[in-house]
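Below is one structure, written out as structure tokens, with a few remarks after it.
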Amino acid sequence: MKIERFAPSPTGLLHLGHAYSALLAYNSAIRSGGKFFIRIEDIDQIRCKEIFIEQILDDLKWLGINHEKPILKQSSRFKFYKKTLQSLWDNNYLFGCDCTRKDINIASAPNEKTLYGPDGIIYPNTCLNKIRSKKMPSTALRLNLNSLDKNNFSFFDKKYGKISFTKEEAIENIGSVILARKDIGISYHLSVVLDDAFQGITNVTRGEDLLEATKIHVILQYILNLPTPVYHHHKLIRDEFGKRLAKRDDARSIKNYRESGYSREKIIKMLN
């Protein structure tokens, strides 16, 4: 029995790519006799809007997707996130960083080739060896991969099979990613790991653009002693020019298609 979820961020309308991912996860759960959850990833309280939440839920219902109740909102879990961050800080898995984006660009400039990871330019560890205070700082908090006591990691993906990587590869290709931001208080990487475990998610279905980020999540699952789900990083839905869809593509939103007279069956046919 699979327990799947769809976790949209309500910063825009649901588009064809979201619908494809949600339907894949939903059908996977139903075929196994399992459960399907909806989680609202609204940690960015400035960009997330209630009007988008309402429209997303209405579109999912229109697509024939039923879900377990209640719906989990990440905004209700900030106290738990902070408690976990404190534990990571106390165990030396975090370090404070007050570098601006400009600082990072300048520090990375001397390299012949700037390296990019799941979160953009790989952080040059400018703040890694600064003296740590006992109190967790109010700056951005980054993951200290050097503190890992394990060298080999792996996870299984339905599309790609077993994926393995080492601590050294993570340090080189992922770097010290941010786990908490000063303006938001938590990052996607940490919140998604904690919430998947909290909801008992056994299978995660999402776009292949998050495949490299999953390595961060597997590391965090190890550190926090949480189970690693089975993943399915599916193809991305792209436009006629080969560009993947984004929330700014309102013309391809489910709301727009519905208002233009498209049926649920026609939408599903477009996604196959």
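All values below come from the heavy atoms of this structure, side chains included, with hydrogens, waters and symmetry mates left out. Note that the structure is predicted; figures quoted are calculated from it, not measured.
Atom CG of residue Leu115 and atom CG of residue Asn173 lie 7.5 Å apart, to the nearest 0.5 angstrom. A distance of 12.0 Å separates CD1 in Ile40 from CG in Asp195, rounded to the nearest 0.5 Å. Atom NE2 of His18 is separated from atom CD1 of Ile237 by 11.5 Å, given to the nearest 0.5 angstrom. Rounded to the nearest 0.5 angstrom, Leu13 CG and Lys49 NZ are separated by 13.5 Å. Taken to the nearest 0.5 Å, the OG atom of Ser187 stands 9.5 Å off from the CG atom of Leu141. Separating the SG atom in Cys127 from the CZ atom in Phe95 is a distance of 7.0 Å, to the nearest 0.5 Å.
Residues Glu168 and Asn151 form a side-chain contact, since some pair of their non-hydrogen atoms from C-beta on lies under 4.5 Å apart. Residues Tyr262 and Met270 form a side-chain contact, since some pair of their non-hydrogen atoms from C-beta on lies under 4.5 Å apart. Residues Arg101 and Asn105 are in side-chain contact: their nearest non-hydrogen atoms beyond the backbone lie under 4.5 Å apart.
Under 4.0 Å is where a charged nitrogen must lie from a carboxylate oxygen, and between Lys73 and Glu50 at least one such pair does. The pair Lys130-Asp98 meets the salt-bridge criterion, with a side-chain N (NZ, NE, NH1 or NH2) lying under 4.0 Å from an Asp/Glu carboxylate O. Under the 4.0 Å criterion applied to side-chain N and carboxylate O atoms, Glu265 and Lys269 are not assigned as salt-bridge partners.
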N/O donor to acceptor pairs below 3.5 angstrom from side-chain atoms of residues 223-232, sequence neighbours left out:
residue : atom : partner : partner atom : Å
Thr228  : OG1  : Gln221  : OE1          : 2.7
Tyr231  : OH   : Gln221  : NE2          : 3.0

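Tyr188 and Leu236 are members of different hydrophobic clusters when ILVMFWY side chains are connected at heavy-atom separations under 4.5 Å. The cluster map of Ile, Leu, Val, Met, Phe, Trp and Tyr, joined by side-chain heavy atoms under 4.5 Å apart, puts Leu220 and Phe78 in the same cluster.
Side chain of Asp196 to main chain of Ile201: no donor-acceptor pair is present (N/O by atom type, distance under 3.5 Å, no hydrogens or angles).
Under the 3.5 Å distance criterion, with hydrogens and angles disregarded, a donor-acceptor pair is assigned to the side chains of Glu4 and Thr205. For the residue pair Ser9 / Arg47, no side-chain donor-acceptor distance below 3.5 Å is found, with atom types taken as modelled. Remark: the Thr100 side chain and the Asp103 side chain contain an N/O donor-acceptor pair separated by less than 3.5 Å. Side-chain polar atoms of Gln199 and Arg5 form no donor-acceptor pair below 3.5 angstrom. No side-chain N or O of Arg142 forms a donor-acceptor pair with one of Asn125 less than 3.5 Å apart. A side-chain N or O of His189 and one of Asp119 form a donor-acceptor pair less than 3.5 Å apart.
Heavy atoms only, all atoms of each residue included: Ala25 and Phe36 are closest at CB-CE1, 3.8 Å.
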